[in-house]
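Accompanying notes for the structure given below.
Residue numbering restarts at 1 for every chain, and letters A, B, ... go by the order of the sequence lines. Source: prediction; values computed, not measured.
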Protein chains: 2
Amino acid sequence: MSTSRPTINDVAARAGVSKSLVSLAIRGSDRVSEESREAILRAADELGYRPNAAARSLADRRSRTIGVLLHDLHNPVFAQVLDGVQEIVRAHGYRTMLVTGHGDSQREREELTALLDFQVEGLILISHGLDPALAQQAARECPVVIVMRHDITGRGISTVCADDVRAGSEAVEELLALGHERIAHVSGGDNRVGADRELGYREAMIRAGLDHHILVEAGDFTESGGRAAAARLLERDPDITGLVVANDLSALGAVVAAEEADRSVPSDLSIVGFDGMSLAALGSLTLTTMVQPLEQMGRAAAEQVFRRITSPRSPLSQDQVISTWLPRGTTAPAPPRG
Amino acid sequence: MSTSRPTINDVAARAGVSKSLVSLAIRGSDRVSEESREAILRAADELGYRPNAAARSLADRRSRTIGVLLHDLHNPVFAQVLDGVQEIVRAHGYRTMLVTGHGDSQREREELTALLDFQVEGLILISHGLDPALAQQAARECPVVIVMRHDITGRGISTVCADDVRAGSEAVEELLALGHERIAHVSGGDNRVGADRELGYREAMIRAGLDHHILVEAGDFTESGGRAAAARLLERDPDITGLVVANDLSALGAVVAAEEADRSVPSDLSIVGFDGMSLAALGSLTLTTMVQPLEQMGRAAAEQVFRRITSPRSPLSQDQVISTWLPRGTTAPAPPRG
DNA sequence: TCGGGGCGTTGGAACGTTCCAACGCGCTAG
DNA sequence: CTAGCGCGTTGGAACGTTCCAACGCCCCGA
């Protein structure tokens, strides 16, 4: 027993067959005699043989791995999308390789590079801040599917998104139906998802003839960003009764800001988020939100990747999924005019 | 330009040098002349050359990768530990390869196998349900550090844990100090972390002479499990005024159960969690908890892995970190006896 | 003038696997 | 009785990289 790992050759020697036959047996080929198979598997077991994944992917020039770039792991929304991705990837006998960029473009570039160095056969990008150039460059080397933003296009890029503009409008319309008029918006910052939801907000306000009540402060999809932006809004216009916040995490922050400003939710102030993250259903005040089918988006993305892997000429898709209104504890009819 | 990727040989041909020199130049060796380096880097750039990680780790016999097994990604606690791990791993110029087992032992075995096939140089295991045999087997192939449970030992295994027994006791003692006596416990189920926190609870109750008020229901570290267990406790003994819940996620569930049982938190019922997960600080009712230094635990684990990689004979450590009481919105003095 | 040393450079071997063409054997059909 | 076939098996080449021993060259000192 030497210091380093046993190889296929060691197994072959021990079983008294050739390395080729060991290779076949290990992979479960049916063209190996029962006798040989048995001897080989026993030898492998006795030696503690473990196939070397690097040598494998070098020899067959494929890694059987899908790379996934996530914005970060703290927003549980990404975990939900990832569950959908993993389900499909595993069903295909592939593995996922997961990296996060923490919203830092330089770091996202490094992580993406590492994935491509690993010869991932497909790439799923789930990061609202993503630099389009990075995605386009990656798409020259393998199929790329971008989740949650549709504004990055190019050769080899498919997308899976929600109907963010419409969802933005619907959030407003539901508040209108509850009698709210002074509805303000905490945006998601400088990225397409945020911009779309904001656009939906603005359009719905205009359609309702409430242009003059349009009021927006920039958040950044984090809880603290949402809290700060909501605080600024409540200071700018104390008469606000409705708040459409760009995502659930920020909306949770907005709830805190509301209470700090002595507004009780939902009786004084209604708050709506986006995403439907599972943790927002917890706590004493469960969040009203525009739910996105997160796992389904993950599954759709993975399926598209495999479609493109198996037939590279298959058309690029631009999937869109539907968000739905989920009223919970943070919305109520507008208070009577004061 | 063939259909497949350019290799080091293509770069060499284009730059008019040998592949060996390209290899050196790409890795930034200083024994390459300025002239050659320039020609090589230009050629590589023009061809879109990308080093093949599989070939590299095969030739090197090292992957420069640390494997991390996470229980799952939905509990943000794991993301926090992971942040600490990544910080150290990146500082060493290594990469992390992340997998999750979702608490399924069979799946954890598969994922661990895949990591070992990839020749990870070290392994960090963060999963309370982990099968000890898996860890022990893995430890025969590379350094293993287990986070959050100290009961798995063996050759090649180090641990990084919190002082769970003491933390369990301290949670009780803080409630005692607030005047509570009927303090019940939602446990974390069949694993060591849960068992330790429960033990701490029991010991503190006994020390306080409150043996007869010891009351435990089993949760499973999830929000729904915590909710159900808390509901059972409140039904078994309506006079409970304090609830020590095995982790924050379950404690959030317990808050919901309390409200469903018409108990207001914290005036009727005080609730304490464990972990200090960041999302528990959100919402209208921020959770009182025994905080663990999660990122620090991640850093400690990664540092221990590298210590063992660089000097394999270095001693196995059993790090313990300190949990601290963090009073927030879910605890209050005990209500007067009814 | 020549020998030696350093420096930039080189080809070949190795890493552990998969693929491929080809082998020998026994069996069957002609 | 033999040609052909299928089956289980085999060695060698390939995958893209790193490492190593050795090369030629130039410069310096003797």
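Taking for each of Arg31(B) and Asp60(B) the nucleotide of DNA chain D with the nearest heavy atom, the 5'-most of the two is the partner of Asp60(B). Comparing Asp30(B) and Ala59(A) along DNA chain C, the residue whose closest nucleotide (by nearest heavy atom) sits nearer the 5' end is Asp30(B).
Going from atom CZ of Arg56(B) over to atom C1' of dG16(C) covers 18 Å, rounded to whole Å. Rounded to a whole Å, the CZ atom of Arg61(B) is 16 Å from the C1' atom of dG16(D). Straight-line distance from the CD1 atom of Ile8(A) to the P atom of dC15(C): 14 Å, rounded to whole Å. When rounded to the nearest whole Å, the span between CG of Leu21(A) and P of dC20(C) equals 17 Å.
Put simply, Arg62(B) has no side-chain N or O that comes within less than 4.0 Å of OP1 or OP2 on dC15(C). Under 4.0 angstrom from either OP1 or OP2 of dC19(D) there lies at least one side-chain N or O belonging to Arg27(B). Phosphate proximity of dT17(D) to Ser57(B): absent, as no side-chain N or O sits under 4.0 Å from OP1 or OP2. Contact check, Ser23(B) against dT18(D): a side-chain N or O comes under 4.0 Å of OP1 or OP2. Not one side-chain nitrogen or oxygen of Arg37(A) sits closer than 4.0 Å to the OP1 or OP2 atom of dG8(D).
Contact of the Arg90(B) side chain with the Arg95(B) side chain is not registered, since no non-hydrogen atoms from C-beta on lie closer than 4.5 Å. Side-chain contact between Val68(A) and Leu82(A): present, with at least one pair of heavy atoms (C-beta onward) separated by less than 4.5 Å. Residues Met97(A) and Leu115(A) have side chains in contact (heavy-atom distance under 4.5 Å, counting atoms from C-beta outward).
Arg50(B) comes within 4.0 angstrom of sugar-phosphate atoms only, judged by non-hydrogen atoms across all strands, and of no base. At a threshold of 4.0 angstrom between heavy atoms, the contacts of Thr7(B) are confined to the sugar-phosphate backbone, with no base atom among them. Using a 4.0 Å heavy-atom criterion, one finds that Ser36(A) contacts the sugar-phosphate atoms exclusively.
Between Glu121(A) and Arg308(A) there is no salt bridge, since no side-chain nitrogen of the basic residue lies less than 4.0 Å from a carboxylate oxygen of the acidic one.
Ser20(A) contributes a side-chain N or O that forms a donor-acceptor pair with the base of dG11(D) under 3.5 Å.
When each of dT9(D), dG16(D), dT18(D) is scored by its nearest atom to the side-chain atoms of Leu58(B), the top-ranked nucleotide is dG16(D). For Ala55(A), the side-chain atoms get nearest to dT17(C) when compared with the rest of dT17(C), dT18(D), dT10(C). Counting only heavy atoms from C-beta on, Leu24(A) has its side chain closest to dT9(D) among dT10(C), dT9(D), dG12(D).
Closest heavy-atom contact between Leu125(A) and Leu130(A): CD1-CD2, 3.6 Å.
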